[in-house]
Number of protein chains: 2
Amino acid sequence: MNSGIPGAGLPALRDHNAALVLDLLRVATVADGGAGISRQELATRTGLTPQAVSKIVARLAGQGLVAEAGRGASTGGKPRTLLRLVRQARYAVGLHLDRDELTVVLVDLAGEAVTERVTPFDLGAGPGAVLEAVAERVREVTSDVPGAERVLLGAGAAAPGPLDHAAGVLGRVTGFPGWDGFALADALAGRLGLPVTLDKDTNAAALRVPADGPRPASFAYLHVGSGLGAGLVLDGALYRGPRTGAGEFGHQTLEPDGPRCACGRRGCLEALCLAALADGDTARAARLLAVGAANLAALLDIDRVVLGGRAVTPAFRDEVAAALAREAAPGTVRVARECAGARTIAEGAAWLVLAPLFGRRRFGFWRRFLAAVPDDGF
Amino acid sequence: MNSGIPGAGLPALRDHNAALVLDLLRVATVADGGAGISRQELATRTGLTPQAVSKIVARLAGQGLVAEAGRGASTGGKPRTLLRLVRQARYAVGLHLDRDELTVVLVDLAGEAVTERVTPFDLGAGPGAVLEAVAERVREVTSDVPGAERVLLGAGAAAPGPLDHAAGVLGRVTGFPGWDGFALADALAGRLGLPVTLDKDTNAAALRVPADGPRPASFAYLHVGSGLGAGLVLDGALYRGPRTGAGEFGHQTLEPDGPRCACGRRGCLEALCLAALADGDTARAARLLAVGAANLAALLDIDRVVLGGRAVTPAFRDEVAAALAREAAPGTVRVARECAGARTIAEGAAWLVLAPLFGRRRFGFWRRFLAAVPDDGF
DNA sequence: GCACTTTGGCAACAGCGTTGTTTTAGTGGG
DNA sequence: CCCACTAAAACAACGCTGTTGCCAAAGTGC
């Protein structure tokens with residue numbers, strides 16, 4: 001079998017450019033003020049000709065995704081017509097299935113939450129009860145959407161890892177062994193009547209973290225909760241790895257002769273760090289986390305780290321930032337000022353559904369600037 | 001500034017498909033026997049229609065890159081016409097500037113070495129002498145190529161890191177501080193009259209390592225020489241990171257309270273491992289390397305590791321493999337049976353030049369299957 | 001009020017892969 | 001030997017993409 005990169009035709013070309021335009025429109029709709037963006041600016045930003053942009057915008061407007069939104073100031077000639085995304089044109093559902101809490105959000109086309117439901121929850125109650133609870137919450141959240149069957153794109157579900165994103169199957173959720181091997185994506189899709197994408201909570205969060213400043217092309221989201229995990233964004237897209245298991249940040253050995261971890265290895269960062277937190281020794285926990293983060297940053301040349309999870313208070317975040325400044329080479333990495341909030345994961349889950357629309361895509365086209373690896377496999 | 005993913009037109013579409021076809025032809029030309037590949041098979045492998053493939057092949061043949069090479073057996077109808085790359089149609093030069101040795105190879109369009117020159121070398125001799133030596137070797141290696149100015153695509157240069165791949169500028173080469181900040185790519189390009197791409201030796205090796213079996217989409221090349229570095233191949237392309245500094249595998253802290261390393265951090269894998277090697281304690285070195293590799297594999301979900309570098313003998317490779325089997329979760333990672341040879345880096349350097357021809361590219365098109373990260377930066 | 005600038009639509013166009021059809025080159029039964 | 005059949009590959013027409021050239025619309029500024 002070959003690399004599997006498919007050949008492309010005119011439809012792929014059209015979709016590619018439409019996605020670029022849609023993403024620029026989304027940013028212009030969401031960013032401060034949401035003034036919109038003109039065709040001219042879309043043209044310069046994409047490198048397409050103004051005429052091509054006009055055609056693309058006309059197509060998108062025909063689908064109801066884009067609308068005119070006033071005009072800009074003149075710069076000596078005809079003033080620019082501003083365009084915006086029609087936020088109500090599509091919606092996506094985001095689910096965060098935590099161990100004891102279920103968060104369900106409805107997100108509009110621009111990627112912002114419209115409705116939110118947070119309810120207590122027992123992941124140990126078994127598939128039947130869990131599916132029922134989720135379906136009920138989703139029904140509540142989507143009941144106000146007119147023409148839901150037409151505008152609801154699907155649902156994204158975030159769950160504790162490890163899990164198989166491609167197959168939509170859960171793995172060994174610590175403390176809840178009954179879910180191992182359960183095909184949650186298919187089960188939810190059947191129950192909700194929607195396409196469902198499943199991913200790790202850390203990956204969902206990485207899609208939505210409020211890093212301060214423009215979001216870098218590569219960064220790491222570090223989650224400190226009942227475990228220690230990471231969501232890796234590399235070159236502008238989530239990196240999941242061959243078995244969609246990437247991000248096992250907590251199970252790096254920091255003390256080769258340390259205590260045995262539940263994962264089988266020794267001196268795992270997760271075990272050491274969580275033990276320190278349990279002891280109330282946040283300084284030690286922060287330092288351990290900083291060492292792990294510095295290792296990751298050095299390996300991946302990452303210059304930004306975002307923290308999140310229940311254990312991460314602003315104070316702890318500051319401790320980690322200070323420790324990281326000591327552990328890493330000066331000026332190479334910094335911790336984002338904001339940390340991920342409670343809703344981040346659920347909103348990120350919805351982004352699993354929206355992302356293809358605004359899609360930087362998996363293969364092809366512009367990778368010419370990277371060195372591709374010769375693919376000698378058959 | 002936006003993500004910078006450019007819009008695509010018909011030429012980009014054409015180049016994308018041509019690159020896919022060229023890559024399949026390259027594999028068929030190089031793989032055992034080099035029998036070639038038919039238009040039909042190209043069509044099924046790319047997903048393009050046979051007619052599209054015929055047109056693409058005709059274009060490529062017009063440029064002299066492809067030629068017919070016999071016919072296959074009939075399967076009941078007209079037998080398939082086999083096609084092969086014309087290996088002499090283009091060439092690339094690969095340079096490995098090591099501390100005490102210069103390797104120069106000439107590589108044909110199929111990516112295989114045609115000529116090789118290994119000469120003693122003193123990286124400390126300064127730019128003038130080094131450029132002169134390189135230019136002379138390149139002249140020797142390319143003198144037999146007819147119409148060199150037409151068929152020589154360029155030169156790739158591999159040097160010890162860290163360095164700035166994008167700018168083509170060297171960094172602090174341990175032991176040779178005089179090169180810090182030297183714009184080697186530009187200097188070489190001027191001297192050779194060829195486009196020059198500069199990259200770390202580890203990255204070059206990763207482009208060309210003889211991993212046993214089909215090359216996986218994601219793997220790590222670990223280099224053990226005068227330092228400890230890694231070349232990361234993620235999702236089928238080299239991962240270099242925002243500042244093209246990724247792969248600092250040796251500077252992960254394995255002992256938070258260990259000895260201070262030259263890099264400023266404590267208990268670095270590189271310092272510990274090289275010290276063990278210097279002591280002749282290969283078992284300890286192998287175990288440390290295995291711990292680092294297991295950390296990397298867990299974080300990136302990588303299932304294959306390739307070893308190379310002067311310190312890596314087959315025996316040491318086996319020691320690391322055994323240690324890794326103990327350190328990592330069972331069945332998750334293995335060490336390739338072969339380790340990278342002496343020519344690997346120089347050939348990989350030439351691949352820096354060839355890769356765009358067969359190019360999976362940086363952005364666009366098929367990334368829709370990955371979750372793109374919302375790009376809110378302006 | 002007129003010259004000038006900029007936006008953006010209209011129309012013709014070139015180039016891409018696709019579709020429908022025909023030609024070419026084999027196989028195999030009678 | 002002939003003829004029906006099959007598969008590969010070229011030929012021709014086509015639809016759709018972004019591009020180019022041109023012009024109308026809508027402002028600014030002297």
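Residue numbering restarts at 1 for every chain, and letters A, B, ... go by the order of the sequence lines.
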Between B:Arg26 and B:Glu112, does any side-chain N to carboxylate O distance fall below 4.0 Å?
no
Name the residue from B:Thr244, B:Leu352, B:Leu238 that meets the side-chain contact (heavy atoms from CB on, under 4.5 Å) definition with B:Asn203.
B:Leu238
Taking 4.0 Å as the cut-off, does a side-chain nitrogen or oxygen of B:Thr49 come that near to OP1 or OP2 on C:dT18?
yes
Give the rounded distance in Å between these two atoms: CD of B:Glu68 and C1' of D:dA8.
12 Å
Any chance you could lay out the side chain to side chain contact (heavy atoms under 4.5 Å, CB included) test for A:Arg39 and A:Leu83, step after step, and finish with the verdict?
CA-CA 8 Å; A:Arg39 291 175 177 82; A:Leu83 303 165; 3.7 Å; yes
Quick one: is B:Arg59 getting a side-chain N or O under 4.0 Å of the C:dG15 phosphate, OP1 or OP2?
no
For B:Leu82 and C:dG26, give me the distance from atom CG to atom C1', rounded to whole Å.
15 Å
Would you please confirm or rule out a distance under 4.0 Å between OP1 or OP2 of D:dT6 and any side-chain N or O of B:Arg80?
no
Any side-chain N or O of B:Ser54 below 4.0 angstrom from OP1/OP2 of D:dA10?
yes
Find the distance B:Asp15:CG to D:dG18:P and express it as a whole number of Å.
16 Å
Tell me whether the OP1 or OP2 atom of D:dA8 has a side-chain N or O from B:Ser38 closer than 4.0 Å.
no
State, yes or no, whether a side-chain contact exists between A:Arg84 and A:Leu25 at a heavy-atom distance under 4.5 Å.
no
Round to the nearest Å and state the distance from B:Leu13 atom CG to C:dC16 atom P.
8 Å
Short side-chain N/O contact from A:Asn17 to OP1 or OP2 of D:dT17, under 4.0 Å
no
Whole Å only: how far is the CG atom of B:Leu10 from the C1' atom of D:dT20?
14 Å
Do B:Val30 and B:Leu85 have side-chain heavy atoms sitting under 4.5 Å apart?
no
Could you tell me how far apart B:Ile56 (CD1) and D:dA9 (P) are, to the nearest whole angstrom?
14 Å
For a 4.5 angstrom cut-off between non-hydrogen side-chain atoms, does A:Thr46 reach A:Asn17?
no
Please state how far atom CG in A:Leu60 lies from atom P in D:dT17, giving the value in whole angstrom units.
12 Å
Could you list the donor-acceptor pairs under 3.5 angstrom formed by side chains in residues 50-60 of chain B, with sequence neighbours left out?
| residue | atom | partner | partner atom | Å |
| --- | --- | --- | --- | --- |
| B:Ser54 | OG | B:Pro50 | O | 3.4 |

Take atom CG of B:Leu42 and atom C1' of D:dA8, then tell me their distance rounded to the nearest Å.
13 Å
Contact pattern, 5' to 3', of nucleotides 21-30 of chain D - B, S or - by protein heavy atom under 4.0 Å
----BBBS--
Let me spell it out: for each of A:Lys55 and B:Gln40, pick the nucleotide of DNA chain D with the closest heavy atom. Which residue's pick is nearer the 5' end?
B:Gln40
